[in-house]
Amino acid sequence: MSITFDHSTKTFYLDGKGLTYAFFINDGGYPAHLYFGAPITHDDIRFTLAGGSGSFVPTPAGNDDTNLSYMRFLPEYGFYGTGDYREPAVLVENGGGDRLSDLLYVSHEVLPSKPRISGMPSLDGGETLVIHLADSVSGFRADLYYTVYDDASVITRRAVLTNDGSSPCALHRAFSFSLGLPSQDYSVITLHGSWAAERNIETIPMHHGVVSVDSKRCTSSATLNPFMGIIAKGTTETHGKAYGVNLVYSSSFVLKAEGTVGGDTVVSGGINDFDFRWILEAGESLETPEAVIAFSDEGIGGMSRAFHDAYRDHLISKKHVFTPRPIVINNWEATYFNFDIQKLKDIVDAVEGTGIDTLVLDDGWFGVRNNDRSGLGDWFVNTQKLSGGLAKIIQHVHSKGMRFGLWFEPEMVSEDSDLFRAHPDYAIGVPGRGRCYGRHQFVLDLTRADVRDYIVSSVNRVLSENAIDYVKWDYNRNVTDIYSLGREKERQSEFAHRYALGLYDICERIVNGNPNVFFEGCSGGGARFDPAMMYYFPQIWTSDDTDAEERTRIQYGTSIVYPLSTMSCHISAVPNHQTHRITPMSTRADIAHLGATGYELDTSAFTDGDRETVRLQIEEYKKYEQLVLRGDLYRIDSPFETPYFNEMIVSKDKSEAILCVYRRLSVPNAEPKRITLAGLDPSRLYRIEGLDITASGSTLMNVGIAIKYPKTDFWSEIYHITQAD
Ligand code: DGJ
């Protein structure tokens with residue numbers, strides 16, 4: 001990893017694993033993009049600048065030289081009002097009411113290690129380049145941060161915006177980065193979805209104008225993940241150039257890819273500028289969230305592995321990221337709200353000796369909570385259901401050598417709750433109007449310090465008074481009717497970003513405040529599955545849809561950006577509660593084993609045979625758990641495009657792997673399917689357990705193997721592959 005500045009050409013070269021990123025300071029004093037892609041030597045590559053005619057193209061303010069026109073270069077951080085009509089990264093309303101900015105290079109520095117963003121999660125990292133830009137008239141400043149890595153093919157970008165003028169200014173847009181790509185021959189990949197159908201893959205051709213994904217929900221949401229893939233035409237899962245941008249951010253965001261008049265693409269994004277206006281008093285700064293930008297010339301699969309490496313090595317808690325995860329029995333689908341202490345004990349007693357090591361008591365243990373219409377915010381144990389309090393069930397669980405987990409939804413309040421009756425103003429809403437409901441509940445105003453203090457003290461009280469080992473942190477509706485009683489009217493459009501800052505504040509004080517508790521994220525399934533949440537929650541409930549067939553697509557789509565170890569995946573009952581489909585128990589286990597596995601069914605009804613099945617499943621999972629936590633993912637057949645879901649996880653040293661094969665429906669006269677393996681060392685010898693095949697990596701990856709599918713629907717198998725020489 002290195003950051004180099006060539007004084008003679010004023011070019012910066014950032015060299016990381018498998019990539020070089022280069023830009024220079026042009027004659028006008030603007031940072032101009034030159035290159036981002038596979039590693040190159042440090043040649044003078046300013047010859048790539050187009051230098052078109054410049055007809056009818058505005059020049060920068062006060063300088064009638066078309067050679068300096070913005071349209072002659074790709075911006076490192078676009079700004080507005082002085083002749084660049086492309087999507088700017090920043091739009092600032094100056095004290096006098098104009099919206100111009102002209103951000104020129106002032107200086108740069110290389111910091112020895114990557115500074116944290118105050119109040120927001122970000123990746124850790126080493127040497128970091130900071131480019132200082134300023135507008136000499138208004139005093140507005142932008143500091144651009146760049147970090148590259150030795151062990152992950154990503155670059156991280158963000159900006160810090162400062163009002164160094166003498167009067168307040170207002171930001172109407174405050175993006176984290178601009179990224180220029182010198183072509184429009186791309187497709188854009190997005191991950192869209194909804195409740196129980198998260199992270200479907202959609203591919204859109206790049207065109208003139210803007211392709212964008214966003215959220216206006218004060219959460220990253222299941223609707224569109226804060227991710228955009230930009231892949232060169234012809235790029236496949238295994239070959240070709242793939243770029244990906246992912247925001248370390250959990251509130252309303254936007255990502256844009258603009259096909260420009262010059263035939264280039266400018267990608268930008270960060271905090272959503274829809275309903276956004278942020279006042280900076282003189283001397284104040286706003287730090288933007290981090291963008292992680294991956295590059296691979298090994299196709300979409302290579303891009304995914306770049307993100308996985310970056311998040312495992314530089315974002316997710318080092319304490320948990322590679323540590324075997326709790327094997328959970330969660331009572332939600334077993335009981336929903338209808339349980340008592342005996343039922344929970346029966347669920348726990350039934351799993352003794354199976355390897356399940358944690359009970360997670362889900363929704364309904366607190367306040368008056370027999371359905372989803374009441375009780376949220378009242379974090380006091382419901383002694384009607386749990387006579388003897390939490391202590392009694394915790395003692396029972398601990399006496400079995402298991403850990404105890406508890407569900408919370410800290411950001412919410414029910415209308416029918418003691419908290420709402422005492423503090424109706426804590427709930428987000430516009431005075432004089434009725435509030436919008438979502439799952440019959442309201443969202444607490446996390447932008448207010450007193451509301452955050454209530455949440456932190458009430459959750460931390462339960463955690464300090466009880467021996468709780470695990471918390472599932474849920475979030476079951478999105479913000480609407482945005483308004484905070486805690487802020488003056490000119491600052492109401494700061495809400496969405498302030499919600500994110502409030503959320504990170506309570507996560508710091510609850511998650512980091514309880515270092516011995518393991519925290520899992522959740523949002524009505526997997527609706528807040530983003531890197532900022534991963535900073536606090538090493539694993540996140542991937543979807544409320546636990547049907548194995550549906551999970552093939554949900555988990556495949558999620559793996560485009562996020563490591564398998566971040567996906568919490570449970571084996572549930574059949575007929576499945578969401579789809580009513582019946583899939584084999586072995587398939588439900590195989591698919592759930594491609595993540596942090598667990599169970600979500602009524603174990604109290606287990607037979608001895610069921611118990612033995614579960615014991616063997618967990619024994620099997622433990623054999624390759626480290627591959628799930630640390631390995632490289634190679635997707636082979638996509639369940640979005642084929643009836644198959646075939647993928648491999650290969651250890652970093654390539655001595656071990658698993659191959660998961662799955663076929664949706666049985667067909668008559670089916671020939672065996674040839675599967676060419678991936679990610680192995682061509683020169684080593686491997687043995688595939690269960691198939692009695694021993695062959696070299698080159699044979700397995702070129703000739704492949706033939707899988708004979710039995711005549712049964714939803715059939716799967718996981719084969720363990722070990723080095724044999
Ligand atoms: C939504 C979650 O995704 C479920 O797993 C469960 O915890 C419910 N909320 C409880 O209300």
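We count ligands from 1, going down the list as the structure has it; atoms in each ligand are counted the same way. This one's a predicted model, so the numbers in the text were calculated from it and none came from an experiment. Reckoned from all heavy atoms, side chains included, excluding hydrogens, waters and symmetry mates. Here, residue 1 is the first one in the sequence, and each next residue gets the next number.
- Remark: aromatic rings of Trp332 and Phe337 are close, center separation under 6.0 Å.
- Ring centers of Phe442 and Tyr437: under 6.0 Å apart, within the cut-off.
- Residue contacts with ligand 1 for Cys522 involve side-chain atoms from C-beta outward but no N, CA, C or O (heavy atoms, distance under 4.0 Å).
- Remark: Glu641 engages Ser638 in a side-chain contact (heavy atoms from CB on, under 4.5 Å) (not counting sequence neighbours).
- Under 4.0 Å from ligand 1, the heavy atoms of Arg439 that appear belong solely to its side chain.
- For ligand 1 and Trp541, the ligand atoms under 4.0 Å from any heavy atom of the residue are 3 (O), 5 (O).
- His577 has its side chain out of reach of Asp544: every pair of non-hydrogen atoms, C-beta onward, lies at least 4.5 Å apart.
- Of the charged side-chain nitrogens involved, none lies within less than 4.0 Å of a carboxylate oxygen, so that Asp346 and Lys343 do not count as a salt-bridged pair.
- When the heavy atoms of Leu376, Asp372, Asp474 are ranked by distance to atom 9 (N) of ligand 1, first place goes to Asp474.
- Across Lys472, Glu409, Arg369, heavy-atom proximity to atom 5 (O) of ligand 1 is greatest for Lys472.
- Proximity of Asn476 to ligand 1, defined as any heavy-atom pair under 4.0 Å, is confined to the side chain (atoms from C-beta onward).
- The nearest protein atom to atom 7 (O) of ligand 1, hydrogens excluded, is given as Asp362 OD1, 2.7 Å; this is a heavy-atom distance.
- Close approach of ligand 1 to Asp363 is summarised as follows: ligand atoms under 4.0 Å from at least one heavy atom of the residue are 10 (C), 11 (O).
- For atom 4 (C) of ligand 1, the closest heavy atom belonging to the protein is Asp544 OD1, 3.4 Å.
- Which parts of ligand 1 touch Gly524 is read off a 4.0 Å heavy-atom cut-off, strictly below it: atoms 1 (C), 3 (O).
- Below 30°, between 30° and 60°, or above 60°: for Phe518 and His320 the angle between ring planes is above 60°, a perpendicular geometry.
- Under the 4.0 Å criterion applied to side-chain N and carboxylate O atoms, Glu619 and Lys623 are not assigned as salt-bridge partners.
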